[in-house]
Amino acid sequence: MQENNDNLTTPGSRSGVIQVLDPSVVEKIAAGEVVERPASVLKELIENSIDAGATRVDVAVEEAGFSMMRVSDNGCGMSRADLGRSVLAHATSKIRSADDLFSIATMGFRGEALASISAVSRACVVTSDDDSGGLGWELAVEGGVSGDIEPAPRTRGTTVTVRDLFFNVPARKKFMKTARGEQSAITKILEQLAIPFPGIHFTATVDGKRVMDLPRVGSLRERICSVAGNDFARGLVECEGEGEGEGGGGMSALVYVSSPEKLQSKPRFQSLYVNLRRIDNDSVNFAVREAFAQYLGHGNRPAFFCFLDVDPNKVDVNVHPTKQQMKFDDERGVFGFIYHVVKEGLRNSGLGRKDLPAQGQGYCPASNPIQEFYDRIGTGGIDGAAGTGVSTVDDINAIFGHDTGGPQMSLDFSAVGGGRASAPSVDAGANDDGNAAVIIGDIGAADSGRSWEMIQCYQIHGIFVLAPIKNGILLIDQHAAHERVLYEQALLDLESGRPVSQQLLLPIIIEMSPAEKAVVDEVRDSFTNLGFEIADWSGNSVSVSAMPAFLRYGEAEAAVREMVRYLLDGRSPGAMREPVKRFAAAFACGAAIKSGQKLSQEEMNALINALFAADNPYACPHGRPTLVRISVDELTRRFLR
């Protein structure tokens with residue numbers, strides 16, 4: 001046995017391989033679990049302010065948080081002795097024993113925040129408690145090394161300033177996102193923390209500019225209105241309920257959900273707060289979607305704010321390094337309770353169908369979404385059929401097998417301003433279904449005057465366009481195809497700086513959240529290069545006085561909102577890292593035909609023609625295929641002919 005132990009020693013040394021790490025290394029490892037990015041630093045500091053009973057929290061950020069972050073509050077503050085202990089690892093006022101971990105009612109409890117933050121930055125804490133008589137105390141900590149506590153003037157409360165984040169771990173900083181991405185994350189975390197605390201006045205200043213000012217209000221709905229905007233908040237449906245019985249006992253919920261006509265493919269707000277703590281939980285998300293099942297179209301999701309109060313003894317908060325997740329002792333009970341609350345709220349608001357089960361007939365419809373959800377977790381879902389490749393298209397007429405002797409339709413490719421060609425479009429009126437006609441986009445001038453044969457197309461579920469071609473069929477994703485057309489058009493406009501724009505008789509006023517307004521301010525020049533004229537209106541509102549010529553009046557607001565949402569979501573794969581391409585992709589995503597939008601025969605033909613005139617008709621800007629070709633031979637094999 002001794003021989004085996006000797007084999008584990010380092011060559012030339014009698015000491016073992018396993019060594020106890022230096023305390024400075026331990027501190028940096030611990031900091032890595034808590035301090036992921038600048039936004040996580042602000043989250044920890046603001047949560048401390050909330051726990052301190054603050055009624056005002058002021059945040060200042062410079063250079064996306066890497067240069068400086070400051071959080072100042074009017075909470076209870078700390079004494080001189082408590083200040084010295086506050087920067088030590090696992091020093092906390094929130095818990096005293098292991099039993100307290102199962103009844104946590106505060107935002108923080110581990111005592112890691114200040115120790116972890118100061119280990120990878122230059123931090124300074126100035127604080128004063130109730131008994132200081134205007135005298136405060138200041139402590140500087142650099143890279144985990146504390147200085148002396150000095151007297152400092154400070155009224156009741158605490159100010160924590162963090163400078164040079166990751167100065168002693170440059171490798172961590174190398175893996176951060178761009179400054180814009182980090183700033184977006186900071187704005188999101190500020191919104192998430194402000195929403196459940198309407199009694200606290202939050203302000204935020206970024207690089208010297210006030211980007212958020214949320215005064216104290218009397219209700220959660222008013223705070224949601226302040227953060228997300230009046231237009232958004234007015235459309236929310238309020239659902240409220242108390243849990244009863246074995247499944248929902250000890251729970252109460254207040255849920256604000258978007259109305260069915262406001263559903264989106266990727267809603268900006270899907271927020272769950274458990275005992276006022278923002279967490280992620282798939283069961284609750286799925287419960288809200290299932291309650292909305294009758295209204296959901298393909299890919300649409302409801303926006304919601306769910307405030308769930310649960311007995312602290314029934315949840316375990318200590319399961320995630322950043323407390324973004326928690327475990328419920330009865331996950332199925334939570335699912336059923338939220339499903340029931342939202343379903344009944346929709347019914348009581350007059351949105352529910354008359355044939356829905358009445359209250360008291362159980363939480364679930366006949367399909368049992370609770371069991372379906374857990375079955376789906378276990379099985380991993382249903383595998384889709386394998387797709388087929390896309391053939392190379394040398395000539396659109398050859399692909400569609402056009403007979404030049406047949407009837408043809410002539411689409412308008414007349415040039416507009418600057419030698420650019422206008423989009424193939426139909427009449428500006430409504431199509432056969434009464435919907436507004438869709439303008440597909442610009443086509444290269446080389447195609448001006450060409451005639452295309454009208455082919456019989458079929459729209460499938462408002463998502464795909466099916467067209468018979470010479471040796472098979474072609475399936476086109478209408479949104480992805482239109483994205484490709486608009487993307488190439490936007491690139492030309494952004495690079496040339498000469499967009500075709502139309503002035504509006506009356507400006508469109510768009511109310512935004514602080515985060516959305518910050519995005520518009522940052523990329524205002526890019527909006528201008530696409531043909532928009534956007535100016536500040538009041539507060540977080542903007543006015544649109546001009547828009548690209550191919551957009552219709554009713555589409556401008558939706559296009560701007562979708563572009564802002566795209567940029568906030570940070571959808572920027574490798575090909576989209578260049579700012580011009582990324583903004584062009586955002587524009588294309590926002591202005592393109594949406595799933596569920598009906599198209600006439602003329603519009604479907606115009607879309608196909610515009611797509612095949614693009615430089616790359618086979619993929620949208622994000623890399624998804626725009627079309628799939630299935631040959632007659634493949635169809636024959638599928639039917640075993």
Side-chain angles (χ1 to χ4, degrees), residues 23 27 30-31 34-35 38 40-61 65 68-97 100-101 104-165 189-190 193-194 197 199-204 276-277 317 322-323:
E27 290 174 354
V34 178
V35 185
S40 59
V41 172
L42 286 178
K43 173 180 178 292
E44 297 293 339
L45 296 180
I46 294 173
E47 286 182 345
N48 280 348
S49 296
I50 293 171
D51 286 339
T55 59
R56 182 182 178 105
V57 178
D58 299 304
V59 178
V61 176
M68 188 277 290
M69 290 177 284
R70 178 182 295 116
V71 176
S72 182
D73 66 59
N74 63 349
C76 64
M78 293 180 285
S79 65
R80 186 182 190 281
D82 284 340
L83 174 60
R85 287 189 288 264
S86 67
V87 296
L88 302 177
H90 305 295
T92 179
S93 61
K94 316 297 174 54
I95 61 175
R96 289 291 182 266
S97 67
D100 294 337
L101 291 173
I104 294 172
T106 55
M107 304 297 289
F109 57 90
R110 295 184 182 134
E112 295 178 304
L114 286 178
S116 297
I117 292 168
S118 60
V120 291
S121 68
R122 297 182 174 95
C124 178
V125 185
V126 181
T127 187
S128 173
D129 63 10
D130 289 333
D131 302 324
S132 300
L135 174 65
W137 303 98
E138 179 177 350
L139 173 62
V141 187
E142 181 172 336
V145 180
S146 298
D148 296 329
I149 298 177
E150 303 286 348
R154 179 66 165 90
T155 57
R156 181 178 183 270
T158 301
T159 299
V160 181
T161 304
V162 178
R163 298 184 184 275
D164 303 326
L165 186 64
I189 205 69
L190 291 174
L193 290 168
F197 297 98
I200 301 178
H201 185 171
F202 289 91
T203 69
L276 302 182
R277 184 190 303 279
V317 183
T322 59
K323 296 166 285 193

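- Separating the CG atom in L193 from the NZ atom in K43 is a distance of 7.0 Å, to the nearest 0.5 Å.
- Contact annotation: the side chain of L88 never approaches that of L114 to less than 4.5 Å [non-hydrogen atoms, C-beta and beyond].
- A donor-acceptor pair under 3.5 Å links the side-chain atoms of S128 to the main chain of L135, judged by distance alone.
- A donor-acceptor pair is defined here as one N or O able to donate and one able to accept, closer than 3.5 Å; no such pair exists between the side chain of N74 and the backbone of G157.
- Between the side chains of R163 and S121, no donor-acceptor pair of N or O atoms lies under 3.5 Å.
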Worksheet item: How far apart are the C-alpha atoms of D82 and R80, what are their side-chain angles, what is the distance that settles it, and do they pass the salt bridge (charged side-chain N to carboxylate O under 4.0 Å, His left out) test?
Response: CA-CA 6 Å; D82 284 340; R80 186 182 190 281; over 6 Å; no
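- Here the side chain of S116 pairs no donor or acceptor atom with the backbone of A113 at under 3.5 angstrom.
- Here the CD1-CE distance, from I46 to M69, works out to 10.5 Å after rounding to the nearest 0.5 Å.
- Here the CG-CD1 distance, from L42 to I189, works out to 8.5 Å after rounding to the nearest 0.5 Å.
- Between the side chain of R156 and the backbone N or O of G75 there is at least one donor-acceptor pair closer than 3.5 Å.
- When atom types are taken as modelled, the side chain of T127 and the backbone of M78 share a donor-acceptor pair closer than 3.5 angstrom.
- Side-chain contact check for V57 versus H201: every heavy-atom pair is 4.5 Å or farther apart.
- Judged by distance alone, with hydrogens and angles left aside, the side-chain atoms of D73 form a donor-acceptor pair with the main-chain N or O of T158 at under 3.5 Å.
- A distance of 9.0 Å separates CZ in R70 from SG in C124, rounded to the nearest 0.5 Å.
- How far CZ of F202 is from OG of S49: 8.5 Å, rounded to the nearest 0.5 Å.
- Rounded to the nearest 0.5 Å, atoms CD (E47) and CG (L276) are 11.5 Å apart.
- Using a 3.5 Å distance cut-off with no hydrogens or angles, the side chains of D58 and T203 do pair a donor with an acceptor.
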